[in-house]
Amino acid sequence: MTKAQEFSIKVPSEDPKKKEKPSEEGDKLEGSSKLLGSNKKEDGKEGEGEELSEEDQQLKGELEMLVERLKESNTELYRPALETLRTLIRTSTSSMTSVPKPLKFLRPHYPDLQGLYEKWSPSEDKSLFADILSVLAMTYSDTQPRGTLRYRLLAAALRPPFSPLADPGSWGHEYVRHLAAELGEEYSYREEQAVGMSAPSEHPPLPGTIDDLRALAKDCAVFLLNHNAEPDAVDLLEELEVVDEIVGLVDENNFNRVCQYMIRCVNLLPPPDDVNFLTTAHAIYVQYRKFPEALALSIRLANADMIREDFNAPGNPLMKRQLAFLIARAQIPLEWLHPIEDSDTEEMIEEFPEDLIECLSNAHLSMHFRDFGKELGVLEPKSLEDVYKSHLENTRPGVSANIDSARANLAGTFVNAFVNAGFGNDKLLVEADEGNSWIYKNKDHGMLSATASLGLSLLWDTDIGLSHVDKYTYSSEENIKAGALLATGILNTGVRTEADAALALLGEYTENKSVPLKSAAFIGLGLAYCGSHREDIIPYILPHVSDDSVSMEISSLAALSLGFIFVGSKNGDVSSTMLQTIMEKHESNDKGLDEKWAKFFVLGLALLFLGAQEESDATIEFLKAIDHPISKTAQVLVDACAYAGTGNVLKVQTMLHHCDDHVGGSSEGGKDEKDEKADDTFQAFAVIAISLIAMGEEIGAEMALRQFNHLMHYGEPVIRKAVPLAIALVSASNPQLPLLDTLSKYSHDNDLSVALNAIFAMGIVGAGTNNARLAQMLRQLAGYYQKEPDCLFMVRVAQGLVHMGKGTIGINPFFSDREIMSKPAVAGLLGVLTAFIDAKSFILDKYHWMFFFLVPSMYPRFLITLDEDLHSMPVTVRVGQAVDVVGQAGKPRTISGFQTHQTPVRLGTTERAELGTEEYISFAHVMEGFVILQKNPGWEKEDKMDVFKVKCIHFPNSQ
């Protein structure tokens with residue numbers, strides 16, 4: 001106790017210092033420029049109140065003597081006095097927390113010096129005087145805003161042309177930062193003044209034009225770039241709207257940091273600044289011959305001319321192949337890579353060498369994928385029981401499960417297809433005996449999905465796959481034949497072949513009278529040529545979109561197929577035909593627009609404008625003129641697709657407003673109630689639209705998830721039903737614990753349609769991750785819903801999705817370090833989510849084949865390193881969680897918690913890989929997918945031994 005008391009008594013012993021009010025007031029005066037102007041006398045005594053060291057006293061005296069010299073009439077003394085002042089200010093040292101001594105001692109004289117400056121006649125001396133006042137003005141920034149900038153501009157104006165002003169960086173870092181802040185303020189003030197938004201200022205206007213401000217900003221930016229303050233330089237030029245001029249200011253030491261910062265800013269910028277930043281970063285990369293980085297930005301901009309130039313720029317054939325792999329991953333139309341005058345595809349394909357064509361068309365994807373499976377030890381096919389693990393389910397004793405065997409077999413079809421996707425060796429279909437195939441264990445429409453699932457099992461394998469599927473195209477059973485057509489489309493997804501088998505086999509069936517065959521042909525073509533923008537397919541499908549004699553089902557599936565093929569193309573012929581068809585159906589009071597299929601029709605239209613941003617405005621205006629409920633749904637979808645992945649806050653707010661509408665709240669009577677039911681579909685799409693826009697960047701996605709929580713609590717049933725689907729879209733193949741817990745809660749909802757969508761969402765969120773916690777949750781749900789056939793069916797499918805490709809295939813639409821959005825992948829995900837908005841009418845009815853819309857978004861999550869002959873080559877890599885290091889000082893680690901492996905390796909959605917040694921040089925800028933390596937000529941053999949030892953230490957832990 002006594003020690004504690006002693007301590008409590010000691011604390012107030014500091015009080016006497018606080019009571020020295022005169023000195024405190026002196027300090028306050030020194031820091032406060034408002035008091036300073038009115039009370040100069042006290043300011044004069046301020047220095048005396050402080051005890052100055054002899055050195056400080058001498059400096060103070062010298063500065064005061066120089067100020068006096070400037071007041072004398074002898075003009076010859078001015079120049080030496082100003083030079084000495086400048087030298088003293090520049091050579092002064094200061095700490096982070098204190099003002100430099102010369103500025104502190106000159107501060108009381110600042111008003112006098114200002115008055116003196118006004119009396120001088122224009123000269124070079126006056127310019128130097130203004131430059132010094134510009135530095136002193138930093139201490140008066142609270143009472144005289146933008147004083148530093150004012151005197152800097154005056155100094156520049158007074159300087160003769162043959163004797164330019166010293167660089168602002170010569171006054172130090174703090175001065176440049178201060179000047180940069182004032183430049184931004186002044187530019188904003190002038191912009192507001194130009195449009196009459198700002199109130200008149202009490203202070204006189206600053207000299208100089210906008211061009212003078214920009215020239216000064218560039219000087220400051222050069223200093224900042226050379227002193228590791230790249231973000232400050234970019235921000236300054238962005239404020240003055242000349243960010244594109246940074247291309248000429250960067251050098252080889254800082255261009256990479258500048259580009260990384262600019263790319264990271266894109267998601268936080270409003271249009272058109274976001275596009276401007278990407279274009280500028282692209283120009284810098286091209287300038288320094290960083291072709292993979294430049295091509296990645298061209299793909300993000302979806303600019304055909306830039307992609308063509310970037311692809312054809314490098315002379316190195318290995319670099320060209322690496323770029324070809326990137327283009328194949330993004331599924332860029334091959335026509336974009338050739339000069340515009342060549343329009344015939346046949347000629348184009350001959351232009352490139354064969355090895356390049358193989359890279360561009362993903363020809364060896366199937367072979368590499370199977371080798372990858374072999375390396376990981378997952379080549380053996382998995383049976384349904386391996387996935388379900390029924391013995392671990394918590395089934396209640398004495399309760400017989402209400403299992404509809406046809407429904408259970410149908411679930412088995414999808415589980416088998418998703419789990420064994422791409423390996424081409426599953427026991428139920430590919431390896432089954434002729435008469436014992438799983439297809440015949442399904443009935444009616446189940447046979448269609450079972451046959452189509454054969455295509456998923458043989459995914460990307462166009463040679464062997466077609467021979468397996470071909471025998472079913474001659475079946476007398478219509479559903480099996482339709483399934484075979486769909487399977488043909490599925491196995492050609494994402495792979496281009498010279499034979500063009502999909503079009504040859506499916507083209508003739510587009511005119512068939514049978515609805516299943518016709519619709520299977522449309523969707524097959526849509527999947528096979530997803531994102532290819534092939535003009536030669538239009539005649540096969542487009543006539544059916546506008547044909548009045550066909551049903552809305554055929555018309556909508558034709559429109560959706562074209563949406564898949566021309567995703568993000570803004571194709572005028574296709575979009576105008578679709579809009580015209582909607583208008584004509586509305587004018588003729590066609591009931592087709594009220595049907596459940598209409599939502600797929602407008603989705604096909606919206607997909608054409610994926611990533612189009614403001615180019616979709618004309619289409620939205622046209623839709624506003626159509627007074628029909630489907631028009632509202634179309635507007636929401638087109639708007640959402642146009643801004644997909646941009647994180648545009650204003651668009652997210654617009655979608656939230658749509659969710660806020662109480663549709664038909666005051667309606668009375670039967671007719672109005674029917675209208676209300678048809679009318680509120682747009683709200684479900686508005687919820688999905690929020691995640692579609694926000695999924696591009698983490699902050700937006702996190703904020704969207706918070707909004708979904710509110711919508712779930714207070715939303716209408718149609719909104720609540722769409723929330724799990726939106727959560728799935730924002731985090732596909734990325735199972736985070738908070739999300740899994742949320743979806744688990746929703747999967748037990750009283751409203752079975754919400755529960756059903758939540759179960760499916762769990763499958764999408766965990767797709768291809770083999771997440772053990774999620775698998776356990778789904779096993780519990782299988783026990784919980786054993787008497788609900790619909791929910792049990794969905795649990796089984798979700799289990800198949802979680803183990804997709806035995807944990808090697810993901811469906812996240814973002815790739816290349818989550819920077820590039822794959823448009824075909826987004827189209828596929830939207831197709832499935834649209835079906836789930838009305839699951840009872842589609843997925844749970846006879847249209848369960850819509851699960852196969854996921855195929856365009858399925859891609860292996862691997863890293864395969866290739867040698868110069870494109871053969872797989874094992875090297876040491878480190879794999880860990882990706883860390884955002886943009887804007888950080890030095891060279892921090894880009895991954896954390898890494899383990900060392902031999903390639904090929906599997907990469908999770910949020911994981912990143914880097915080479916473990918410097919033995920090889922990578923041609924790719926991101927270690928993902930196919931990466932071509934070249935031997936590093938500077939690599940030494942001694943290092944090899946060290947790395948071997950390191951690998952031996954790490955290897956046991958990495959298993």
Side-chain angles (χ1 to χ4, degrees), residues 270-271 594 598-599 602-603 606 609 613-614 616-617 619-621 623-668 672-697 699-731 739 742-743 745-746 749-751 753-754 757-758 761 830 833-834 836-838:
D594 298 328
K599 55 174 80 71
V602 294
L603 176 63
F609 295 96
Q613 298 208 9
E614 64 274 359
S616 64
D617 291 352
T619 305
I620 292 171
E621 289 305 315
L623 288 166
K624 283 179 182 171
I626 301 170
D627 182 25
H628 189 278
I630 199 66
S631 163
K632 184 91 173 186
T633 305
Q635 288 169 45
V636 169
L637 266 172
V638 172
D639 212 9
C641 285
Y643 289 89
T646 59
N648 189 304
V649 179
L650 296 175
K651 291 294 169 190
V652 172
Q653 287 173 349
T654 308
M655 296 304 164
L656 283 167
H657 280 303
H658 286 312
C659 297
D660 190 37
D661 294 347
H662 289 288
V663 182
S666 58
S667 66
E668 287 175 22
D672 284 340
E673 277 172 29
K674 273 185 192 170
D675 287 350
E676 181 196 330
K677 276 180 189 169
D679 200 6
D680 63 1
T681 316
F682 76 90
Q683 292 192 317
F685 283 109
V687 177
I688 289 174
I690 293 169
S691 61
L692 183 60
I693 296 164
M695 69 180 176
E697 42 100 26
I699 300 168
E702 202 175 311
M703 289 162 70
L705 290 170
R706 203 174 305 156
Q707 292 299 337
F708 295 148
N709 209 4
H710 296 316
L711 291 173
M712 202 65 181
H713 279 127
Y714 309 114
E716 304 289 326
V718 69
I719 291 174
R720 295 184 78 247
K721 190 168 62 175
V723 166
L725 303 176
I727 291 174
L729 182 59
V730 92
S731 193
L739 277 189
T742 305
L743 288 172
K745 187 171 72 181
Y746 295 161
D749 199 273
N750 294 332
D751 182 347
S753 58
V754 173
N757 287 359
L830 284 177
L833 298 183
T834 303
F836 269 90
I837 281 176
D838 189 1

Yes or no on side chain to side chain contact (heavy atoms under 4.5 Å, CB included) for Lys599 and Asp838, after CA distance, side-chain angles and deciding distance? CA-CA 10 Å; Lys599 55 174 80 71; Asp838 189 1; 3.9 Å; yes
For Ile837, run the side chain to side chain contact (heavy atoms under 4.5 Å, CB included) check against Val687, Val718, Leu725 and tell me which one passes.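 Single pass found, and it is Leu725.
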Tell me which one of Thr654, Val730, Val723, Leu711 satisfies side chain to side chain contact (heavy atoms under 4.5 Å, CB included) with Ile690.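 So the option named by the test is Leu711.
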Qualifying salt bridge (charged side-chain N to carboxylate O under 4.0 Å, His left out) pairs, either residue in residues 717-726, two or more places apart: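 Listed by first then second residue: Arg720-Asp749.
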Determine the minimum heavy-atom distance between [X] and [Y], stating which atoms define it.
X: Glu614; Y: Pro271; value: OE1-CB, 4.4 Å
X: Tyr746; Y: Phe708; value: OH-O, 4.5 Å
X: Ala694; Y: Gly700; value: CB-O, 3.7 Å
X: Leu603; Y: Leu830; value: CD2-O, 3.9 Å
X: Leu743; Y: Ala758; value: O-CB, 3.9 Å
X: Val754; Y: Pro724; value: O-CG, 4.0 Å

Minimum side-chain heavy-atom gap Asp594-His628 below 4.5 Å: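 Side chain of Asp594 against side chain of His628, heavy atoms only: contact under 4.5 Å found.
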Side chains of Leu705 and Thr742 in contact at under 4.5 Å (non-hydrogen atoms):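 With C-beta onward as the side chain, the pair stays apart.
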Please determine whether side chain to side chain contact (heavy atoms under 4.5 Å, CB included) holds for the pair Thr834 and Leu637, giving the CA-CA distance in whole Å, both sets of side-chain angles, and the decisive distance to 0.1 Å. CA-CA 11 Å; Thr834 303; Leu637 266 172; 5.6 Å; no
Could you list all the side-chain hydrogen bond (donor to acceptor under 3.5 Å, both in side chains) pairs where at least one residue sits in residues 643-653, not counting sequence neighbours?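 Counting only pairs at least two positions apart or across chains, the side-chain hydrogen bond (donor to acceptor under 3.5 Å, both in side chains) contacts touching residues 643-653 are Asp639-Lys651.
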Checking Ser731 side chain against Ile727 main chain: does a donor-acceptor pair fall under 3.5 Å?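 No; judged by distance alone, with no hydrogens or angles, the pair does not exist.
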With [X], which residues qualify under side-chain contact (heavy atoms from CB on, under 4.5 Å), at least two apart?
X: Val636; value: Met655, His658, Phe682, Phe685, Ala686, Ala689
X: Pro717; value: none
X: Ser631; value: Leu623, Ile626, Gln635
X: Ile699; value: Glu697, Met703

To the nearest 0.5 Å, how far apart are CD1 in Ile693 and SG in Cys641?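 So the CD1 of Ile693 and the SG of Cys641 are separated by 9.5 Å.
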Please round to the nearest 0.5 Å and tell me the distance separating atom CG of Leu656 and atom CD of Gln707.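 Here the interatomic distance stands at 5.0 Å.
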